[in-house]
Amino acid sequence: MSRKKKNQVPEGPEKPFCEHFPMCGGCLYQNFSYEAQKNVKLEHVKELMKEVCPDFPLEECLESPRHTEYRNKMEFSFGDCEKDGPLTLGLHQRGSFYNVLPIYDCRIVDSDYRAIIWATLDFFRNEGIPYVHKRTHEGVLRHLLVRKSVSTGEIVVALVTSSQGMDIPDEVGTEHFSDETNYEGIVPEWEPEWIKEYAKRLILLDLEGKIGGILHIINDSLADVVKADKTVLLYGKDSIRESLLGLDFKITPFSFFQTNSTGAETLYSVVRDFVGDTTGKVVYDLYSGTGTIAQILAPVAKRVVGVEIVEEAVQAAGENAKLNGLDNCEFIAGDVLEVLDSLTEPPDVMVLDPPREGIHPKALPKLLAYGVENFVYVSCKPESLARDMVTILEAGYKPVKAVCVDMFPWTKHVECVTLLQRMSNT
């Protein structure tokens, strides 16, 4: 198979089911059947791995339980679709840094997301609130972040704006509230009247799920990223709860959590199967996010240590462990490369679930030096897995099981779970 350029739309025989294709920068494979696009991903990973490990044992790509409306989180941008055009809310148009394509019929999210997009866009067009222009950095509206729990139907909406035109007290900071706290109807006096009216508009929407929380996030960064300088809870609570494999997880707007909840159960079931029995063992869950894998493996383990660089995720992981009655989990905030030097009890089992860029080249030899009999590598970017596999093979490990999991139907992305085993002669 020939390699595709980044974001190049592959040719396929099927009629796309979404009218935003191919202008939207999200789904590349809508002109393929689901089985065909799943096979494209499988063959892509096979081709990459063949170059570094000819006997890589990959034969299957497991499908997502949901092919559409599977995402539990989306970040939308405010802008316009043409210069000086009307306000839009959606995703960046393919190949454009400036144009924002309205995606009122997006099919990888459910009808509640679409209703929230429409209500938000209609409200701010009527109010005449400007978006932040990338060149001048003037304006107010930046992003809209929506998270929804598949298991409970709870929805948290976070409106991200600049501070322009707002008289914000210095003592306002980013705060995180517990699930037991309900600030319904309490909005700070300094908040603009249109913020209060927008919150009311959302609360009154007729949705399949239910608005559980509304946040106003203030971000004055010059970069076009979703981040929080200050956070105000306008209504409800700042998190949703999701259930996976019998465990409950609190998820805040910026917590790392797999964006396909039903697909995550498939993925983590594979990880649990590959790891095997953890009875009495010390388990390292590295790049642990909100500690999902750690807690799935914890019930019979001696001890589980999770390491994650995002402090908010570490805080959420600790809260989730308490929520699930697990007292043998420790979550550490920091870079894996540095934290490894402070850990005194070596692992019996490791699970590596790094970000898209893979494992830091200085951290990987440290991990391999533990000499565990088996470890599991969960990769969300096969190019990074192929790069890291060179060092893993040189250290005397061999892949004995591998499977792809299609967590992101219709997009080019795929997860690959690999079980590595130390060879007896090393």
Side-chain angles (χ1 to χ4, degrees), residues 38-39 41-63 245 258 263-288 292-294 296-302 304-306 336 340 346-354 356 358-359 361 363-407 413-426:
K38 194 164 57 107
N39 289 334
K41 296 178 183 184
L42 178 65
E43 292 304 316
H44 174 61
V45 178
K46 282 184 176 181
E47 181 184 351
L48 282 171
M49 298 310 300
K50 183 171 63 176
E51 297 179 9
V52 297
C53 183
D55 58 349
F56 190 71
L58 178 64
E59 298 297 335
E60 185 178 16
C61 182
L62 301 178
E63 72 177 72
L245 299 175
Q258 290 286 352
E265 289 203 318
T266 300
L267 178 71
Y268 294 143
S269 294
V270 172
V271 173
R272 187 168 60 182
D273 177 62
F274 279 14
V275 168
D277 185 15
T278 59
T279 301
K281 295 181 179 180
V282 176
V283 181
Y284 280 10
D285 176 16
L286 305 178
Y287 312 94
S288 56
T292 314
I293 292 175
I296 288 170
L297 300 177
V300 296
K302 174 186 176 184
V304 180
V305 178
V336 167
L340 289 178
D348 301 305
V349 177
M350 294 190 303
V351 178
L352 314 179
D353 189 6
R356 292 186 57 75
I359 302 171
L364 188 53
K366 284 187 178 183
L367 296 171
L368 296 171
Y370 284 118
V372 297
E373 290 297 320
N374 302 289
F375 72 92
V376 175
Y377 190 134
V378 184
S379 172
C380 59
K381 185 179 180 181
E383 289 81 1
S384 297
L385 173 63
R387 182 203 65 206
D388 292 344
M389 188 61 66
V390 174
T391 303
I392 293 170
L393 294 173
E394 289 175 349
Y397 284 88
K398 178 182 179 180
V400 292
K401 289 183 182 179
V403 65
C404 285
V405 182
D406 185 25
M407 295 284 289
H413 303 295
V414 69
E415 301 269 340
C416 185
V417 185
T418 308
L419 173 61
L420 287 305
Q421 187 176 82
R422 188 161 62 91
M423 304 303 292
S424 59
N425 61 345
T426 60

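Here E63 pairs with Y34, E35, K38, H67 under the side chain to side chain contact (heavy atoms under 4.5 Å, CB included) rule; sequence neighbours left out.
When all heavy atoms are compared, the tightest approach of D285 to A294 is OD2-N, 3.0 Å. The heavy-atom pair separating Y377 from G358 by the smallest distance is OH-CA, 4.0 Å. Shown here for V372 and Y397, the closest heavy-atom pair between the two residues is O-OH, 2.6 Å. Contact between A301 and V304 at its shortest, heavy atoms only, is CB-CG2, 3.9 Å. Taking every heavy atom of both residues into account, L58 and V403 meet most closely at CD1-CA, 3.6 Å. Between C380 and P354 the shortest heavy-atom distance is SG-O, 4.0 Å.
In K366, the NZ atom is crowded: over 12 heavy atoms of neighbouring residues, nucleotides or ligands sit closer than 6.0 Å.
In this structure, CD on E415 lies 11.5 Å from OG1 on T266, to the nearest 0.5 angstrom.
In this structure, Y370 has its ring center at least 6.0 angstrom away from the ring center of F375.
The main-chain N or O of K281 is never found under 3.5 Å from a side-chain atom of D348 such that the two would form a donor-acceptor pair. Panel note: side chain S384, backbone R356; a donor-acceptor pair is recorded below 3.5 Å. Proximity of a side-chain donor or acceptor of E265 to a complementary backbone N or O of L245 within less than 3.5 Å is detected.
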Report the C-alpha distance between E43 and K46 in whole Å, list the side-chain angles of each, state the deciding distance to 0.1 Å, and finish with yes or no for salt bridge (Lys or Arg N to Asp or Glu O under 4.0 Å).
-> CA-CA 5 Å; E43 292 304 316; K46 282 184 176 181; 3.8 Å; yes
